Amino acid sequence: MREGIVTDGSNFTFYQLTLNLLSSFSLSYSILEFQNANGCPQFPNCLQWIADNQHSDGSWGLHSFFLAHDRLLNTLGCVIALKTWNFICAGVSFVEKNINKLEYDITDHMTVGFEVLFPILLEMAQELQIELPYDAPILQDIYAQRKLKLSKIPKEVLQNEFTTLLFSLEGQKGVVWEKILKLQCEDGSIFYSPAATAYAYIHTRDENCLKYLTDVVEKFNGGEKNAAMSKEVARETSTSDEIPIE
């Protein structure tokens, strides 16, 4: 991992949430790819946080135990973030070596929206010419799961109701952003998710989104408090009138 992405020497403090899920690395790219007037990262300490928190095997994700869905989603997101800014890391080889473990992972602990989000990351990785086994059978299964899930989600529901689907907003295409912003929380976020809010900001340049993102980064020095939820946790937080998470 290249060191010294930023040199402010910040020390990072983080919170453990349910199941000890770490910060939402998986879509950090969406925050990191903002550019300021000088063409530099909008939040360089996010890059530093990624550099400081890579595991010895080249991955990112849970420290306490190994879950393939968690590690691969987070690692690919961090690889994309670093590649966007022309940094090189060992994360690509980790994804290559572990992609087939998705077939044997515990699905109840799978990150909510994985089948929606992971294909989007794979598309971004292809655009950045990151070499991965895109034709692996397990990935074809995930693509099929994504297609099936999205076929069950009416766009009008996503755009007009406050449901847990907003947590996976980054995996949605063709939304009407004016409608999404009407579902914005009081703090400026989209479903209290830095990743979803960053994605909304990329498309809308909404100042309330940017304020929320800036506040989060300043409060946690580049690491997001909001964790990627597992299906098990999401079942407990969903309300009966929301779209099923299965």
Side-chain angles (χ1 to χ4, degrees), residues 1-17 19-34 40-102 105 109-111 114 117-118 120-134 139 170 193-195 198 213 216-230:
M1 167 66 72
R2 179 173 176 174
E3 297 180 354
I5 295 175
V6 289
T7 57
D8 59 3
S10 298
N11 293 317
F12 303 117
T13 301
F14 305 101
Y15 294 80
Q16 290 186 322
L17 297 182
L19 295 180
N20 292 319
L21 286 166
L22 294 179
S23 302
S24 181
F25 294 123
S26 55
L27 293 158
S28 295
Y29 72 87
S30 59
I31 291 179
L32 297 173
E33 67 180 4
F34 300 157
C40 299
Q42 183 79 36
F43 303 118
N45 49 344
C46 289
L47 281 169
Q48 185 66 63
W49 188 85
I50 288 177
D52 290 346
N53 286 274
Q54 187 177 23
H55 297 312
S56 59
D57 62 1
S59 70
W60 285 266
L62 285 164
H63 285 282
S64 52
F65 53 91
F66 184 97
L67 291 174
H69 288 85
D70 164 77
R71 288 291 183 94
L72 288 164
L73 185 68
N74 292 331
T75 300
L76 186 53
C78 287
V79 167
I80 290 170
L82 294 171
K83 178 68 172 178
T84 299
W85 296 103
N86 297 316
F87 291 102
I88 300 173
C89 71
V92 176
S93 61
F94 175 86
V95 174
E96 290 178 318
K97 293 176 182 177
N98 291 276
I99 196 76
N100 288 326
K101 290 182 180 179
L102 291 172
D105 209 15
H109 293 168
M110 183 174 70
T111 305
F114 178 90
L117 299 176
F118 199 63
I120 293 296
L121 288 179
L122 290 170
E123 289 179 11
M124 294 185 68
Q126 282 187 299
E127 291 174 0
L128 291 169
Q129 298 182 333
I130 297 173
E131 294 186 7
L132 292 172
Y134 295 105
L139 295 185
E170 310 91 307
S193 167
L213 294 169
V216 169
V217 171
E218 289 179 352
K219 186 172 183 179
F220 298 102
N221 263 336
E224 304 168 27
K225 179 181 177 182
N226 191 359
M229 293 189 294
S230 71

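If you read the sequence from its start, that first residue is 1, and numbering goes on from there. The model shown is predicted, which means the values in this text are computed figures rather than measured ones.
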Task: Those residues that, when tested against Phe114, pass ring-ring contact (aromatic ring centres under 6.0 Å, His included) (two or more places apart) - done: His69, Phe118
- [ ] Heavy atoms only: give me the nearest Ile99-Pro133 pair and the separation to one decimal.
- [x] CG2-CG, 4.0 Å
Open item on the list: Quick check: closest heavy atoms across Asn74 and Gly61, and the distance to 0.1 Å?
Closed with: ND2-CA, 3.5 Å
TODO: Sort and list the pairs that fulfil salt bridge (Lys or Arg N to Asp or Glu O under 4.0 Å) and have at least one residue in residues 71-100, not counting sequence neighbours.
DONE: Asp57-Arg71
Distance in Å, [X] [atom1] paired with [Y] [atom2], rounded so as to fall on 0.5 Å steps:
{"X": "Leu73", "Y": "Cys78", "atom1": "CG", "atom2": "SG", "result": "9.5 Å"}
{"X": "Ile120", "Y": "Leu76", "atom1": "CD1", "atom2": "CG", "result": "11.5 Å"}
{"X": "Met124", "Y": "Thr84", "atom1": "CE", "atom2": "OG1", "result": "6.0 Å"}
{"X": "Leu122", "Y": "Leu132", "atom1": "CG", "atom2": "CG", "result": "7.0 Å"}

Open item on the list: If you define the side chain from C-beta out and look only at heavy atoms, does anything of Phe66 sit under 4.5 Å from Lys101?
Closed with: yes
Open item on the list: Do Leu72 and Leu102 have side chains that approach each other closer than 4.5 Å (heavy atoms only, starting at C-beta)?
Closed with: yes
- [ ] Could you walk me through whether Ile130 and Val95 pass the side-chain contact (heavy atoms from CB on, under 4.5 Å) test, one step at a time?
- [x] CA-CA 11 Å; Ile130 297 173; Val95 174; over 6 Å; no
Open item on the list: Please identify which of these residues, Leu62, Asp105, Thr75, meets the side chain to side chain contact (heavy atoms under 4.5 Å, CB included) condition with Asp70.
Closed with: Leu62
